[in-house]
Amino acid sequence: HAEPEPNWMSQAGVSYDRGNDVFRGSLIQVVKLAMRAVQDLGWKIDQVNENLGLVNFTTGMSWGSWSGVSGTLNIDEDGSGGFKVTGTGKQNLSGGQLIAFNIGNEAQGKAQKAISRMKELAA
């Protein structure tokens, strides 16, 4: 049988408001949801700052970069009690690699994929 989810993985209390494109809940709940989304995609969480609403992550190997993509999810209050989530990404360089190709803006796409997963996980 499936193990119960640890409490920190619970996204209870966070909802996604499609009309305003915001997540509703506390900042810490939204940060935890972002962490859960990154882990669901099989990526590694590098650093989290719950006070600033930042989640840094690294993906695995990708078409454009042997060492994956580094991304950041930024969670900002929008003034209506909700939180907007935006993401940035960049290709990583490894070893003797001189250039990492950002094919089809892949790095930015990874951040968007994490945000899409957050929307799926939120009620």
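By convention here, the first residue in the shown sequence is residue 1.
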[atom2] on [Y] to [atom1] on [X], rounded to 0.5 Å:
X      : Y     : atom1 : atom2 : answer
Met35  : Leu73 : CE    : CG    : 11.5 Å
Asp46  : Leu54 : CG    : CG    : 12.5 Å
Ile115 : Leu33 : CD1   : CG    : 11.0 Å

Same cluster or not: [X] versus [Y], using hydrophobic residues (I, L, V, M, F, W, Y) connected whenever any side-chain heavy atoms lie under 4.5 Å apart?
X     : Y     : result
Leu27 : Val38 : yes
Val48 : Ile28 : no
Val30 : Leu52 : no

Within 6.0 angstrom of Lys113 NZ, more than 12 heavy atoms from elsewhere: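 Open: at most 12 neighbouring heavy atoms sit under 6.0 Å from NZ of Lys113.
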Ionic contact status for Arg24 with Asp17, cut-off 4.0 Å: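 Looking at Asp17 and Arg24, the cut-off is met.
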Please report the closest heavy-atom contact between [X] and [Y], naming both atoms and the distance.
X      : Y      : result
Trp43  : Ala114 : CZ3-CB, 4.2 Å
Ala122 : Ser15  : CB-C, 4.0 Å
Glu50  : Val31  : CG-CG1, 3.9 Å

Which residues share a ring pair (Phe, Tyr, Trp, His ring centres under 6.0 Å) with Phe23, sequence neighbours left out: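 Here the qualifying residues are Tyr16.
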Any donor-acceptor N/O pair, Lys110 side chain to Thr58 backbone, under 3.5 Å: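 Between the backbone of Thr58 and the side chain of Lys110 there is no qualifying donor-acceptor contact (under 3.5 Å).
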Qualifying residues under salt bridge (charged side-chain N to carboxylate O under 4.0 Å, His left out), relative to Arg117, sequence neighbours excluded: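 Testing Arg117 for salt bridge (charged side-chain N to carboxylate O under 4.0 Å, His left out), a comparison that skips the adjacent residues, returns Asp40, Glu120.
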Chi angles and distances behind the side chain to side chain contact (heavy atoms under 4.5 Å, CB included) call for Met118, Val14: CA-CA 10 Å; Met118 287 178 70; Val14 177; over 6 Å; no
Derivation of the side chain to side chain contact (heavy atoms under 4.5 Å, CB included) call for Asp21 and Lys84: CA-CA 7 Å; Asp21 190 32; Lys84 284 252 185 230; 3.8 Å; yes
